[in-house]
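Only one structure is covered here, and it is reproduced in the block below.
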Amino acid sequence: MIKIFKYLKPYALLVFVCAALVFGQASADLKLPDMMSDIVNNGIQNGGIETPVLDVLSEDTRNKIRNTEYIAGYGKNGEKIPLLTDAEFDAAAVEYMRAPISALPQSVKVSKDADGKTFVYVRRGLIDKNYKSDAETLTNLNSAMKKSFIFFFSADMIGNLLAADEIPEDTNEKITAAVTALKAAIPEEIKEQFIGGLKTDGLLSLLDGYSKNDPALYGYLKSLFFTGDGNGQGQAGAVASVYSSLSGTEFASNIAVMYAKTELVKAGLDADKVQSSYILNKGLLMLSVALASAVCAVLVGYLAAKAAAKFARDIRRALFEKVESFSNYEIDKFTTASIITRSTNDVTQIQQLVMIMLKMIFYAPMMGLGAIYYASVKAPWELTFLNVLAVAILVLMIFLMFLLVVPRFKSVQKLIDKLNLIVRENLTGMTVIRAFNKQKNEAERFGKTNRDLTKVNLFINRMMVMLMPAMTLLMSGLTVAVMWIGSDLIAGNKLPVGDLMAFIQYAMQTVMSFLMISVMFIMIPRASVGAKRISEVLETEPVIKDGGKTSLNGKAKGRLAFENVGFKYDGAEVNALTDVSFTAEPNKVFAIIGTTGAGKSTIVNLIPRFYDVSEGRITLDGIDIRELSLKELRDNVGIVAQKSLLFSGTVASNLALAAPSANAEAMYSALETAQIREFVEESKDGLSKDIAQGGQNVSGGQKQRLSIARAVVKDAPVLIFDDSFSALDFKTDAKLRRALKLNLRGKSIIIVAQRIGTIKDADEILVLDEGRTAGIGKHKDLMENCEAYREIAFSQLSKEELL
């Protein structure tokens, strides 16, 4: 099959462009679910804020982050644990967190609102060049800001719970216990200090005030709220507990962004406008990506169809040219019906495969692998496992179908060959079939093959049809399973809603991609059968080799000689010709006669090298015809075949087939010699008279005479008439032979005939009997010396007519 693809080489640029467009289409399609996830997660849930690293940051918040007194708790030795460790603070490495406002460069905009609060507007790319690259710094900064904002949220949550009359039932048990203890321990008069949120540094100051008045209460509160777990991580207090429970979840990012949103509100920005702007911009971008994908898909479809059509055109042309070079040996080997099927149905199968491959061979693997990767990034392992399991089930289904369907493809092509043969035989032999009332038999013969083909095709199509509902069931089951497990993950704050929606899209893309790959691999075996059959034709070397010589210098004298010629057909047990020798001279008529099957037409087929002799040789002007180029040999031989064949067109186009440069005068002269000029001139169209396919609109005699005129107009030195007068009446036969002898002087005329009357005036007559020479000479000599000739003669004419 790979050999066939060499015909795609001229269209390598189209293939490359298709690959590039497919890459763009796949990239765009893979980006769409991710963008949808961003719109849901960031645009809808987070109010249009993608990250806690803002372009605007209030001085108050900035100072809280930088203030090491804003602690996360105490270590085991009583040391303060800062909100951000030195390593985390260094990792941020951003000017607006490290430097005082007075030291910020001019690129940073500092402004104050109506209440005098200071806000710092910073370009996100602004970093300390002594640290890391821009991208890595922003990643580290995002982590630090996320941790800070989650901690602030935790502290505010505890403060609000302390100030509330009741603790909600769905509050974390650990937090509920801590807040309950705090409420019991803290005097009523200071609870108002916690309204609006608990600040750890404020609580420390409050506790420091109690340390002198009530050391016991101070120690209790400190141990309850701030004491670490002995590892220096400060996770034992209530705020630390909230932070700890949130920091390991997907929900933490949402909390950080929600807290960041308050920064925008503090800066006087319209939060609704920020959200709508984000959704609009992201939506427009998503629409642009979708349009780009659609444009790529349309262009890929167009270019793939164009490349496949041209590829198929070149194969058909190569097949046609190859078949044109075939001798009768190769035609007999492949059969006409099979060659037609190979040139049409088989080429169409390969064309469809090429078109599908150009659209899928890059797209499907990219989509499948890309969707699996993005899905694994978007979701926990539980969902990824479901996706991989669905693909495994799909591949198993396709594999089973592959085993059942592929063996049938070869039988389909063979049945199409057989069906084509039956139809062709019925069309060409319709008269015979009707004459013997065999329509019913032929219908049954056709029906059996048709039923066999239908049965195989139905089996293949049923298997293919089953694939779609199976795939739909698989995708529906996958969606249900993903929604079921995904809902639990969302409830546990382990998966954002947008990521679940994106994962479902990626899962569908994965299944569809592997389905496309599977369908393509099912098409490959069927096309490979056709490709193999086409390769058999293209790689077959004709038995008849071109001699290559042009020794005749374009025009032969016309002396044709058979020298001890023997010939046997492939598979035959005996020779069709044995030791046949004769010479046809210019200016003479050489005739061949014999019983049916004697080998007359075999001699005719050997002269233009439709077959090659098995023994002996044939010469033209003394040169072995096997040494001559086929073009030169056939240019010097004109043949009227036993079965007259006309092509659809006009009288002129049929005559021009033999002599493209012949003018109207030469054509009318040939028609006159063939005794059919009057018939053509009587038509109002003259030489432009329509000729139907196969000459169906003219009689048998007219068809023969037009075929004779076509050979005559060629003006070849050797003219062969293979039983070409059988449809003519005796009068027309006689007139035509006289005209040939008169108008074709200087040519060697070879007449093969069944009728004695046609050849008895020939200069020399060869009598064949079972492929051997029974006699050779003139009519009178043969009547005296050749028994076989006499038997033929007396079976046709009376003794008086033969004299």
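This chain uses plain numbering: 1 for the first residue, then up along the sequence.
Residue Arg710 comes nearest to Asn654 through the heavy atom pair CD-O, 3.0 Å, listed as atom of the first residue, atom of the second, then distance. Across all non-hydrogen atoms, the minimal contact from Val640 to Ser707 is CG2-O, 3.8 Å. The shortest heavy-atom contact between Ser581 and Asn564 is OG-N, 2.7 Å. The shortest heavy-atom contact between Asp733 and Leu728 is N-CB, 4.3 Å. Contact record, Val589 with Asp763: N-OD2, 2.6 Å, taken as the closest heavy-atom pair. Closest approach of Leu706 and Leu655 over heavy atoms only: O-CD2, 4.1 Å.
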Verify side chain to side chain contact (heavy atoms under 4.5 Å, CB included) between Leu415 and Leu419, making sure each step is shown before the conclusion. CA-CA 6 Å; Leu415 286 169; Leu419 197 68; over 6 Å; no

For Asp690 and Thr650, what are the C-alpha separation, side-chain angles and deciding distance, and is it a side chain to side chain contact (heavy atoms under 4.5 Å, CB included)? CA-CA 4 Å; Asp690 287 333; Thr650 62; 4.2 Å; yes

The test is side chain to side chain contact (heavy atoms under 4.5 Å, CB included); show your working for Ile756 and Tyr789 and say whether it passes. CA-CA 9 Å; Ile756 291 291; Tyr789 186 79; 3.7 Å; yes

Step by step, work out the salt bridge (charged side-chain N to carboxylate O under 4.0 Å, His left out) result for Arg533 and Glu536. CA-CA 5 Å; Arg533 285 155 54 87; Glu536 287 174 355; over 6 Å; no

For side chain to side chain contact (heavy atoms under 4.5 Å, CB included), just list the numbers for Tyr668 and Leu687, CA-CA rounded to whole Å, side-chain angles, deciding distance to a tenth of an Å, and then say yes or no. CA-CA 8 Å; Tyr668 274 117; Leu687 291 173; 3.7 Å; yes

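In this structure, Tyr7 has its ring center at least 6.0 angstrom away from the ring center of Phe311.
The neighbour count for Glu665 CD, taken as heavy atoms of other residues, nucleotides or ligands under 6.0 Å away, does not exceed 12. The local environment of CD in Glu678 is sparse, with at most 12 non-hydrogen atoms from other residues, nucleotides or ligands closer than 6.0 Å. When the shell of 6.0 Å around NZ of Lys600 is examined, it contains more than 12 heavy atoms from other residues, nucleotides or ligands. Under a cut-off of 6.0 angstrom, the local environment of NZ in Lys545 is crowded, with over 12 non-hydrogen atoms contributed by other residues, nucleotides or ligands. Heavy atoms of other residues, nucleotides or ligands lying less than 6.0 angstrom from CZ of Arg316 number more than 12.
Annotation: the span from Leu628 atom CG to Arg609 atom CZ amounts to 8.5 Å, rounded to 0.5 Å. Here the CG atom belonging to Leu768 is positioned 9.5 Å from the CD1 atom belonging to Ile776, to the nearest 0.5 angstrom. Atom-to-atom distance recorded for Arg313:CZ and Arg317:CZ is 5.0 Å, nearest 0.5 angstrom. Note: Phe567 CZ to Ile603 CD1 = 11.5 Å, rounded to the nearest 0.5 Å. Between Gln351 atom CD and Ile315 atom CD1 the span is 9.0 Å, to the nearest 0.5 Å. Atom CG of Asn605 sits about 7.5 Å away from atom CD1 of Ile639, to the nearest 0.5 Å.
Each of Asp579, Leu577, Asn575 was compared with Glu615 under the side-chain contact (heavy atoms from CB on, under 4.5 Å) criterion, and only Asn575 meets it. Of the residues Thr619, Ile618, Val613, the one that meets the side-chain contact (heavy atoms from CB on, under 4.5 Å) test with Arg626 is Val613. When each of Arg677, Arg705, Lys735 is tested with Glu672 by the rule salt bridge (charged side-chain N to carboxylate O under 4.0 Å, His left out), just one qualifies, namely Arg677.
Although no hydrogens or angles enter the test, the distance criterion places a donor-acceptor pair under 3.5 Å between the side chain of Gln702 and the main chain of Ser699. A donor-acceptor contact shorter than 3.5 Å links the side chain of Gln796 to the backbone of Gln754. A donor-acceptor distance shorter than 3.5 angstrom exists from the side chain of Asn426 to the backbone of Ile422, with no hydrogens or angles considered. Side chain of Asp769 to main chain of Ala774: no donor-acceptor pair is present (N/O by atom type, distance under 3.5 Å, no hydrogens or angles). Looking at Thr673, its side chain does come within 3.5 Å of a backbone N or O of Ser669 through a donor-acceptor pair. At distances below 3.5 Å, not a single donor-acceptor pair connects side-chain atoms of Asp346 with backbone N or O atoms of Ala531. Under the 3.5 Å distance criterion, the side-chain polar atoms of Asn697 are matched with a main-chain donor or acceptor of Ala692. Using modelled atom types, no side-chain atom of Asp722 and backbone atom of Ser601 make a donor-acceptor pair closer than 3.5 Å. Side chain of Asn345 to backbone of Thr341: no donor-acceptor contact under 3.5 angstrom is found. Although no hydrogens or angles enter the test, the distance criterion places a donor-acceptor pair under 3.5 Å between the side chain of Lys322 and the main chain of Thr540.
The shortest distance between side-chain heavy atoms of Ile676 and Ile708 does not fall below 4.5 Å. Looking at heavy atoms from C-beta onward, Ser748 lies out of side-chain contact with Leu560 at the 4.5 angstrom threshold. Inter-residue side-chain proximity for Val15 and Leu358 is flagged as met; some heavy-atom pair is nearer than 4.5 Å. Side chains of Leu766 and Phe562 form no contact here, defined as non-hydrogen atoms less than 4.5 Å apart. Ile759 is not listed as a side-chain neighbour of Val752, based on a closest heavy-atom distance of 4.5 Å or more. Contact of the Asp761 side chain with the His779 side chain is not registered, since no non-hydrogen atoms from C-beta on lie closer than 4.5 Å. With contacts defined as side-chain heavy-atom distances shorter than 4.5 Å, the pair Ile765/Ile592 does not qualify. At a threshold of 4.5 Å between non-hydrogen side-chain atoms, the residues Pro586 and Arg559 count as touching.
Salt-bridge check for Glu442 with Arg445: passed, with a basic side-chain N closer than 4.0 Å to an acidic carboxylate O. Using a 4.0 Å cut-off between charged nitrogen and carboxylate oxygen, Glu330 and Lys333 do not count as a salt-bridge pair. Salt bridge status for Asp635 with Lys631: present, with a side-chain N to carboxylate O gap under 4.0 Å.
No side-chain donor-acceptor contact under 3.5 Å links Thr602 and Tyr611.
Ring geometry for Phe326 versus Phe334: interplanar angle under 30°, hence parallel rather than tilted (30 to 60°).
A cation-pi contact, defined as under 6.0 Å to the ring centre and within 45° of the axis, links Arg755 to Phe730.
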